[in-house]
Amino acid sequence: MHDIRAIRDNPAAFDAALARRGDAAVSAPVLALDEARRGKISAAEAAQAEQNKASKLVGAAKAKGDEAEFERLRALVSDKKAEVAAMQAEAKELDAQLADMLARIPNIPADDVPDGADENDNVEVRSWGDKPTFNFTAKEHYEIMGVIPGMDFETAAKISGARFVMLKGAVARIHRALAQFMVDTHVDHNGLTEMNTPVLVRDEAMYGTDKLPKFGDDSYQTTNGWWLVPTSEVPLTYTVAGETLDEGNLPKRYTAHTLCFRSEAGSAGRDTAGMLRQHQFEKVEMVSIVHPDHSDDEQQRMLRCAEDILERLGIPYRTVILCTGDMGFGARRTFDIEAWVPGQNTYREISSVSTTGDFQARRMNARFKPEAGGKPQFVHTLNGSGLAVGRCLIAVLENGQQADGSVKLPQVLAPYLGGKTILGADGKLA
C-alpha cells in the first residue's frame with residue numbers, strides 16, 4: 001500500500017518509479033479520486049456545521065414562541081442531517097475505491113535495483129561452489145535409478161491430478177531431513193524463532209501481505225472463505241498486524257516449515273516434468289520485522305542465512321538481483337538464489353529474499369514506538385525462502401548422482417538419516 005501523501009507531493013516521481021517496472025502512470029486517476037473524496041468530506045463537514053448551528057437556534061425559536069421560525073429551523077436541521085448522511089456515505093464509497101486502487105499498485109523499486117524487462121535482465125551478484133563433473137550424462141531427479149522407487153507421480157495423479165507427487169521410503173525421509181536441517185540451522189545458528197503456523201488464513205491476512213486483491217487466482221480458497229497459504233510469509237508477517245510495537249522489541253525474526261499451496265495460474269506447460277513446479281509443496285520460510293533504518297542490512301543477513309544452507313549442503317549456486325521487470329508485486333528489492341541442477345544443465349531458483357519496505361506494514365497497520373519519542377512509525381517487513389524443500393531435494397539428488405544410479409548425500413544430513421550417507425540404486429539408504 002502506498003502513502004497517498006507521497007503521491008500528492010510528487011506524482012511525476014511516483015509515475016516514473018512505476019515506469020521502471022513497466023507499469024503505466026496512475027497518479028492522475030489516483031489523485032482525481034482522492035480530490036473527489038476529500039471534497040465530499042469537506043462538504044459533509046460544512047453541512048454538519050450548518051446542522052449544528054441550526055439545531056442550537058431551534059430551541060431559541062421555540063422559547064420565543066416563533067412557531068414559523070421554529071418549523072423552518074426544524075426542517076433545515078432535518079434536511080442537513082439527510083445531506084450529511086448522504087455525503088458521508090459518498091465519501092466512504094470514494095474512500096473504499098481509493099483504497100482498492102492503491103492496493104492494486106505494485107511497490108516502488110529501490111534505487112539500486114537494475115532496470116530491465118524480465119529474468120534475462122537480472123544481474124548476477126556472486127556464485128559459489130564448483131559444478132560437479134560426471135563421466136556419464138547427468139539425469140534429472142525423477143530419472144535417477146535410486147530415486148524412481150521413492151517418487152510416485154502416477155499414484156499422486158490418481159489421487160489429486162497433475163502437479164502432485166507422492167514421496168515414499170528413503171526419498172520421503174531425505175525430504176523430511178532437509179526440512180529439519182534447515183529449521184535447526186535457522187534456529188541454532190541464525191537466531192530465528194521457530195513458529196508452527198496455520199496454513200488456513202483469512203482474507204485480511206492475505207490482503208495485508210499483498211496477496212489480495214490482485215492475485216487471488218494464484219491461491220486456493222475454501223468454500224467457507226479461508227485461503228490456503230501460498231507461503232508461511234502470510235501468517236508469519238501478519239502476526240504484527242494492527243500492533244504498535246516497542247522499538248526495543250525489534251527486530252523480530254521468525255522461521256516456519258509449512259505446506260504451501262499455489263494454483264500456478266498462468267503457468268500451463270511450464271516445468272511440468274518432475275516435482276519442480278507443484279500445486280502443493282513444502283518450504284522453510286524466514287520473516288523479519290525491523291526498524292526502517294535496518295531493513296537493507298537485514299535483507300543481506302537473510303540472504304546469507306539462505307546461502308549458508310546451500311553451502312552446508314555443498315550445492316553450487318549463484319545469487320542474482322532481480323531487475324525491475326522481474327520483481328514480485330510487493331517487493332522493493334529481491335535477490336534470488338539459484339541452485340545448480342545438472343539434469344537440466346542450468347541454475348533454478350531455490351530462494352527469493354525480498355524487502356517490502358513499509359508496503360505491507362501500511363496494509364496491516366503495523367507500527368513501532370520510537371524510543372526517542374515521537375509518532376509511531378511503520379515497521380519494515382522482509383521475507384525469504386530458507387529454502388524451498390522440494391527444490392532443494394532436487395538439487396541434492398541431481399548434484400549427488402552417481403554412475404550406478406545411487407546418490408551421494410550431504411554429510412550434514414547424516415544425523416537426520418540415522419548416519420546414512422548414500423541413497424542406493426535400489427532406493428534404500430546405506
Side-chain angles (χ1 to χ4, degrees), residues 1-15 17-18 23-108 202-216 225 238 241-244 358-367 369 374-378:
M1 182 72 78
H2 295 285
D3 184 356
I4 186 64
R5 292 171 297 182
I7 304 176
R8 288 187 207 131
D9 291 344
N10 201 336
F14 187 78
D15 286 340
L18 288 179
D23 285 12
V26 297
S27 65
V30 166
L31 293 178
L33 190 55
D34 178 50
E35 186 176 355
R37 178 187 67 91
R38 290 195 292 164
K40 286 295 180 184
I41 292 172
S42 296
E45 290 173 348
Q48 180 75 63
E50 292 179 23
Q51 176 190 336
N52 293 341
K53 181 179 178 181
S55 295
K56 293 178 181 179
L57 296 175
V58 167
K62 183 71 172 177
K64 290 179 180 179
D66 190 340
E67 195 65 25
E69 181 65 3
F70 170 75
E71 292 297 337
R72 185 188 73 81
L73 289 170
R74 188 169 67 169
L76 177 61
V77 169
S78 179
D79 290 345
K80 287 297 177 183
K81 184 176 181 180
E83 185 180 346
V84 168
M87 286 189 288
Q88 286 177 336
E90 290 175 16
K92 185 177 181 180
E93 173 59 27
L94 290 169
D95 190 61
Q97 292 179 28
L98 180 61
D100 183 68
M101 184 178 290
L102 290 172
R104 295 175 186 273
I105 301 172
N107 204 350
I108 298 301
R202 302 191 302 173
D203 286 354
E204 295 89 339
M206 291 285 281
Y207 177 88
T209 52
D210 64 59
K211 308 303 178 281
L212 292 178
K214 195 166 184 178
F215 299 103
Y238 202 71
E243 301 288 333
T244 301
D358 63 5
F359 189 78
Q360 291 179 332
R362 288 182 180 277
R363 299 168 81 101
M364 299 187 300
N365 192 28
R367 304 171 185 255
K369 292 183 291 186
K375 294 182 178 179
Q377 301 176 31
F378 288 107

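Other residues, nucleotides and ligands contribute only 12 or fewer heavy atoms inside 6.0 Å of the NZ atom of K92. For R104, the CZ atom is densely surrounded, since the number of other residues' heavy atoms within 6.0 Å is greater than 12.
A pairwise comparison of heavy atoms in D100 and P213 identifies OD1-CG, 4.0 Å as the closest pair. The nearest pair of heavy atoms linking A44 to V84 is O-CG2, 3.9 Å. Annotation for Y207 and A103: closest pair OH-CB, 3.5 Å, computed over non-hydrogen atoms. Across all their heavy atoms, M87 and A47 have their closest contact at CE-CB, 3.5 Å. Residues G225 and D203 come closest through the heavy atom pair O-OD1, 3.8 Å.
Not counting sequence neighbours, Q88 has no partner by the side chain to side chain donor-acceptor pair (under 3.5 Å) test. Residues that satisfy the side chain to side chain donor-acceptor pair (under 3.5 Å) test with E204, not counting sequence neighbours, are absent from this structure. R8 pairs by the side chain to side chain donor-acceptor pair (under 3.5 Å) definition with D34, not counting sequence neighbours.
With hydrogens and angles disregarded, a donor-acceptor distance shorter than 3.5 Å links the side chain of D15 to the backbone of S27.
In this structure, CZ in R367 is found 10.0 Å from CG in D358, a value given to the nearest 0.5 Å. Remark: E35 CD to R38 CZ distance equals 7.0 Å, nearest 0.5 Å. M101 CE to L94 CG: the interatomic distance, rounded to the nearest 0.5 Å, is 10.5 Å.
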Trace of the side-chain contact (heavy atoms from CB on, under 4.5 Å) decision for I105 with F14: CA-CA 11 Å; I105 301 172; F14 187 78; 3.9 Å; yes

Report the C-alpha distance between D95 and K40 in whole Å, list the side-chain angles of each, state the deciding distance to 0.1 Å, and finish with yes or no for side-chain contact (heavy atoms from CB on, under 4.5 Å). CA-CA 10 Å; D95 190 61; K40 286 295 180 184; over 6 Å; no

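Checked against F378 for a side chain to side chain contact (heavy atoms under 4.5 Å, CB included), the options R362, Q360, M1 give a single hit: R362.
In summary, R363 and D210 do not engage in a salt bridge, as defined by a charged side-chain N under 4.0 Å from a carboxylate O.
Side-chain contact between F359 and H2 is present, with heavy atoms from C-beta onward closer than 4.5 Å.
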